[in-house]
There are 2 protein chains.
Amino acid sequence: MLTKRRERLNHELREEVLAAARELFATDGYHNVTMRKIAERVRVAPGTIYHHFDDKSAILAAICMETFGKLDKRMEALVTDRSGNPLERLRRGGRMYVQFGLEHPQHYALTFAIGDAMPKHDSVMSAGLKTFENLRLCVRDCVDAGLTRMQDVEEIAQSLWATTHGVVMLFLGKPGFPFIEQSRLIESVLDIAIEGIRKKT
Amino acid sequence: MLTKRRERLNHELREEVLAAARELFATDGYHNVTMRKIAERVRVAPGTIYHHFDDKSAILAAICMETFGKLDKRMEALVTDRSGNPLERLRRGGRMYVQFGLEHPQHYALTFAIGDAMPKHDSVMSAGLKTFENLRLCVRDCVDAGLTRMQDVEEIAQSLWATTHGVVMLFLGKPGFPFIEQSRLIESVLDIAIEGIRKKT
DNA sequence: ACAATAATTGAACAGTGTTTAAATGTTGAC
DNA sequence: GTCAACATTTAAACACTGTTCAATTATTGT
C-alpha cells in the first residue's frame, strides 16, 4: 500500500527532477543534457529517475505539457473576450502565439522538431491540439461574421497555424540570419495573413 | 605525393560513403544511422570514414549541399523566365519551395532544425541564402510592377519565406496531425500570402 | 628494391540511455 | 517490538554511440 507521506515524497522528487531538467534543457539544450547530469543535480543515482519517468523523453514531455498549459491559458483568455473585431482578435492571438514560441524556444522547438531528433509523445501532441482548437474558434467567428474571403474554417485555421509556426521556427532555426527587426517581421507576417483572408469590400 | 589514380579511388570511396549515407539518412533518419552502419554498407572499417569526412555531421552537410544545389537550379530556372504575372511567378516559386522541402525532409530539417538537435554548417547555410536571394528578386519584380500593397522588398521577402517555411515545418514536424489534404493546404497558404501582399485595385 | 607516404584497420576510449540485482527504507499486521 | 511484504534507491553492468589512434597494409617516387 502507498501511504500519503510516501506519495508526497515521490511527488516531491518528481518535481525536483522536473525543475532540474527544465533548467538544464533550457540552457544547454535537450541533447546536451544527460540523465547523469540531471541525477547529479538532484543528488540521486541515475537509475532512480527511472522510477519516476519512463525515459528521458518522458521528462521533456512533462515539461512541455506544463509549458503548453500556460500557452493555453493565455490563449483562452484571449478567445473568451469576444469584444472587438474578430479579425483583430485573430491577429492578437497570432502575435501571442509567436511571442510564446520565442520565449520558450527549447520547449517549442522540441514539440515540433523533426521526427528522429526527438521522440513524439501523444500527451504533448494533444496539448497542442487544444491550443489549435482555440484558433479554430477564432476563425469561426470571423467566417460567421462574414469577414473572410473563404468559408472553410479548417482550411483557414490550418493555414494561419502554418504561417505563425513559420515565423517562430525561422527565428529559432536561423538565429544568424540578417532578419529585419523582429517585431516588424512578426507584424508584417500577421498583416499579410489577415489581409490574405479578409473579404474585400 | 598524391597520384591521379589514388585521387580517383579516394573520390570513389567518398562517393560510396555519400551514397550509402544518403539512402540511410532518408529512410532511417539522421540520428538512427550510425557510423558503423554506414561503414558496414561500404564494407570498410568505421575509422576509414574519418579519412574522408571530419565527422558524421560533415557527411550530412555534404549531402545537403548537393540537395540545395538542386533546389537552386530549379529556382533559378523559375526566376529567369520573366514572362507572365510576377505574383504568379512568386506563387509558383513558393509552391516549388514547399514541395522541395517535403521531398527532402532530412536535408531540409538539418538546415533549419534547432541548434542542439543537429550541428550547423556554414556551407549549408550559405547555400540556403543563395536560394533566398532568388526570392528577393522575385519580390522586387512584383514591387516594381506596382502589384503590391507594401513597398519594402526585404520585409515582404522575409515574410513570404517565413510563411512557406512554416508549411514545410508543420508537415514535417507533426506528421500525425489530421491535416486537410496536403496540396489543398499548400495552395491555401500560398493564396492567402499572395492575396495578403497584392494591391487592391 | 627500398624508403617515404598514404590509406586502412580493429581495438580502445569516453560517453550515452537504460536495465537489473542487491541493498536500503518504509509500511502494516501481529 | 518483530517480522515479513513492499517500495525505493543504489551502483554496477549492458549495449550502444561517435571518435581517436597505434599498428598494419597498400601505394608511391627514387
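Below, chain A is the first sequence line, B the second, and so on; all start at residue 1.
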At a cut-off of 3.5 Å, list every protein nitrogen or oxygen paired with a nitrogen or oxygen from nucleotides 14-16 of chain D, distance to 0.1 Å.
none

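- We find the CZ-CG distance between B:Phe53 and B:Leu18 to be 3.5 Å, quoted to the nearest 0.5 Å.
- With rounding to whole Å, A:Met35 atom CE is found 17 Å from D:dT17 atom C1'.
- Distance CZ (B:Arg8) to C1' (D:dT27): 14 Å, rounded to an integer number of Å.
- In this entry the distance linking CD of B:Glu7 with P of C:dT5 reads 17 Å, nearest Å.
- In this structure, A:Phe132 and A:Trp161 have tilted ring planes: the angle between them lies in the 30° to 60° band.
- A donor-acceptor pair shorter than 3.5 Å can be found between the side chains of B:Glu154 and B:Gln158.
- Of the residues in residues 13-27 of chain A, none has a non-hydrogen atom less than 4.0 angstrom from any atom of DNA chain C.
- Axis orientation changes by 10° from one end of the helix from C:dA1-D:dT30 to C:dC30-D:dG1 to the other, with each end axis drawn from 5 pairs and the value rounded to 10°.
- Aromatic ring centroids of B:His165 and B:Tyr108 lie under 6.0 Å apart.
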Donor-acceptor contacts under 3.5 Å from residues 84-93 of chain A side chains, at least two apart:
residue	atom	partner	partner atom	Å
A:Asn85	OD1	A:Leu87	N	2.7
A:Glu88	OE1	A:Arg91	NE	3.0
A:Glu88	OE2	A:Arg91	NH2	3.4
A:Arg89	NH1	A:Arg82	O	3.3
A:Arg89	NH1	A:Ser83	O	3.4
A:Arg89	NH2	A:Asp141	OD2	2.7
A:Arg91	NH1	A:Asp191	OD1	3.2

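- Classification of the A:His107-A:His104 ring pair by plane angle, with boundaries at 30° and 60°, yields parallel.
- Summarising the geometry, the separation between CG on B:Asn10 and P on D:dT28 is reported as 10 Å, rounded to the nearest angstrom.
- If you take CG of A:Asn32 and C1' of C:dG17, they are 15 Å apart, rounded to a whole angstrom.
- With respect to A:Lys70 and A:Glu66, no salt bridge is recorded, no charged nitrogen being found less than 4.0 Å from a carboxylate O.
- Applying a 4.0 Å cut-off to non-hydrogen atoms, the residues of residues 48-59 of chain B that approach DNA chain C are B:Thr48, B:His51, B:His52, listed by residue number.
- Of the candidates A:Thr148, A:Val139, A:Asp144, A:Val153 forms a side chain to side chain contact (heavy atoms under 4.5 Å, CB included) with just one, namely A:Val139.
- Shown here is A:Arg95, whose CZ atom has more than 12 heavy atoms of other residues, nucleotides or ligands within 6.0 Å.
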Might you work through the salt bridge (Lys or Arg N to Asp or Glu O under 4.0 Å) test for A:Arg136 and A:Glu133, ending with a clear yes or no? CA-CA 5 Å; A:Arg136 234 192 298 249; A:Glu133 183 55 35; 3.1 Å; yes
Would B:Arg198 and A:Glu195 satisfy salt bridge (Lys or Arg N to Asp or Glu O under 4.0 Å), going step by step from the backbone distance to the final call? CA-CA 9 Å; B:Arg198 172 178 266 133; A:Glu195 287 309 309; over 6 Å; no
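- Here the CD atom belonging to A:Gln106 is positioned 11.5 Å from the OH atom belonging to A:Tyr30, to the nearest 0.5 angstrom.
- Spacing between atom NE2 of A:His31 and atom P of D:dT17 amounts to 15 Å, rounded to whole angstrom units.
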Could you go through residues 35-50 of chain A and list every donor-acceptor pair under 3.5 Å that involves a side-chain atom there, pairing it with any protein atom two or more places apart or in another chain?
residue	atom	partner	partner atom	Å
A:Lys37	NZ	A:Asn32	O	3.0
A:Arg41	NH1	A:Glu23	OE2	3.4
A:Thr48	OG1	A:Ala45	O	3.2

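- Separating the CD atom of A:Glu40 from the C1' atom of C:dG15 is a distance of 15 Å, rounded to the nearest angstrom.
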